[in-house]
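Accompanying notes for the structure given below.
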Amino acid sequence: MADKQISLPAKLINGGIAGLIGVTCVFPIDLAKTRLQNQQNGQRMYTSMSDCLIKTIRSEGYFGMYRGAAVNLTLVTPEKAIKLAANDFFRHQLSKDGQKLTLPKEMLAGCGAGTCQVIVTTPMEMLKIQLQDAGRIAAQKKMLAAQAQLSAHGATQPSVEAPAAPRPTATQLTRDLLRNHGIAGLYKGLGATLLRDVPFSIVYFPLFANLNQLGRPASEEKAPFYVSFLAGCVAGSAAAVAVNPCDVVKTRLQSLQRGVNEDTYSGFLDCARKIWQHEGPSAFLKGAYCRALVIAPLFGIAQVVYFLGIAESLLGLLQGPQA
């Protein structure tokens, strides 16, 4: 019996709902990942994910952990919708007479999905990273200013709090990038984003499909709820760790503001070379466990929403009973 075809609007709605739920749940961990990846050996503000989140709450309050979340919540709907719908589209185009796709074709479908999503992913990540990392840079400058004041005047002198620099908003960043660099400003790091997202999708989608198939009873068309969730979590974690070196490079390239004495980069290869020389190969795994903790529930939730068919139910209610 052939699987019931799901309409494109339903796929887009399912992807959007999944993205909104997932981002809301895991955004603080994503903020910690960005700050850990951006800090260089000379000026280490944080020692771990928990240390980063604790210091963020102390200096910026609880909602400081959600800086940049508005950008993600706005753009994650089209991003996840494009990714999931594109993968299904390419799988459908590559399948013949309903036969099971071979692994190379599954990987090709994932490649197509990853390529399509960067249309939205690149500007979303560009804006999100500036907002997420602003707190780290502000805290670093404040710490260095306090140290300089102590060394210049001695510890007995009262410290004078420097006025906090105004933090940018997503609207201001977008306006400045478009004014100074045109549309290309929003797509800085496009190559690095492709090198991260295309391999991610090549690994994720075939791995998820095969894990999900293993847990599907022969008598049922869909895998049970928990199987889809676990398959999404495992596949997402594996793919996230596999492409983390590219994610580190992408994060560094897309960061417009630098901390004191931090390296600047002219491109992907220059960034990778300087990280290797100055910080060692282990630097390419910075934030890997944070990224796995972000991606696992994000894609687990996405696949559950997608396979439960929440959008189909909503569309059915809107359309009402058929005459």
Side-chain angles (χ1 to χ4, degrees), residues 8 11-12 14-16 18-19 22-23 26 30 33-34 37 71-72 75-95 101-129 186-212 228 231-254 268 271-272 284 287-288 291-292 294-303 305-307:
L8 181 60
K11 291 175 184 176
L12 299 179
N14 278 330
V23 166
V26 301
D30 187 64
K33 180 214 68 135
T34 297
Q37 287 182 339
V71 174
N72 255 37
L75 295 179
V76 75
T77 299
E79 187 218 18
K80 290 292 177 281
I82 289 170
K83 183 194 241 344
L84 293 171
N87 181 66
D88 269 15
F89 171 79
F90 287 118
R91 288 178 71 91
H92 178 72
Q93 294 299 315
L94 291 168
S95 64
L101 285 177
T102 61
L103 182 60
K105 287 186 176 180
E106 288 184 333
M107 295 175 72
L108 186 59
C111 176
T115 303
C116 290
Q117 80 168 80
V118 298
I119 297 169
V120 177
T121 302
T122 306
M124 178 181 77
E125 292 273 312
M126 183 72 189
L127 296 173
K128 182 197 73 171
I129 286 171
L186 290 173
Y187 281 87
K188 183 181 180 183
L190 175 62
T193 306
L194 279 168
L195 287 172
R196 182 197 67 171
D197 288 350
V198 171
F200 178 94
S201 295
I202 289 173
V203 173
Y204 173 78
F205 283 111
L207 183 56
F208 169 78
N210 286 280
L211 290 174
N212 199 55
S228 292
C233 288
V234 172
S237 295
V241 174
V243 302
N244 197 75
C246 292
D247 189 54
V248 172
V249 174
K250 183 199 74 67
T251 300
R252 297 277 182 97
L253 287 175
Q254 289 188 317
F268 187 93
C271 181
F284 290 106
R291 184 160 161 77
V294 168
I295 296 295
L298 195 63
F299 278 84
I301 292 167
Q303 293 299 346
V305 170
Y306 203 55
F307 278 85

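- In this structure the side chain of M124 reaches within 4.5 angstrom of the side chain of V71, judged on heavy atoms.
- In this structure a side-chain-to-backbone donor-acceptor pair under 3.5 Å is missing from N212 to F208.
- A donor-acceptor pair under 3.5 Å is absent between the side-chain atoms of Y204 and the main chain of A238, judged by distance alone.
- In this structure, L75 CG and K128 NZ are separated by 11.0 Å, a value rounded to the nearest 0.5 Å.
- Contact check for L194 versus T122: no side-chain heavy atoms found under the 4.5 Å cut-off.
- Atom CZ of R252 sits about 11.5 Å away from atom CD1 of I129, to the nearest 0.5 Å.
- The shortest non-hydrogen separation linking N244 to A288 is OD1-CA, 3.4 Å.
- The distance from atom CG of D197 to atom NZ of K250, rounded to the nearest 0.5 Å, is 8.0 Å.
- Side chains of R291 and V243 form a contact here, defined as non-hydrogen atoms less than 4.5 Å apart.
- The line from CE of M107 to OG1 of T102 is 10.5 Å long, rounded to the nearest 0.5 Å.
- Nearest heavy-atom pair across S201 and A113 is OG-C, 4.5 Å.
- Between R91 and A109, the shortest heavy-atom contact is CG-CB, 3.6 Å.
- Of all heavy-atom pairs between L211 and A235, the closest is CD1-N, 4.3 Å.
- Taken to the nearest 0.5 Å, the CG atom of D247 stands 10.0 Å off from the CZ atom of F200.
- Across all non-hydrogen atoms, the minimal contact from G114 to Q117 is O-CG, 3.3 Å.
- Each of E125, Q37, R196 was evaluated against T251; a single residue qualifies, Q37, per the side-chain hydrogen bond (donor to acceptor under 3.5 Å, both in side chains) test.
- Residue F284 comes nearest to V249 through the heavy atom pair CE2-CG2, 4.0 Å, listed as atom of the first residue, atom of the second, then distance.
- Residues C116 and F90 form a side-chain contact, since some pair of their non-hydrogen atoms from C-beta on lies under 4.5 Å apart.
- Between the S95 side chain and the H92 main chain, a donor and an acceptor come within less than 3.5 Å of each other.
- A distance of 7.5 Å separates CG in N72 from CD in E79, rounded to the nearest 0.5 Å.
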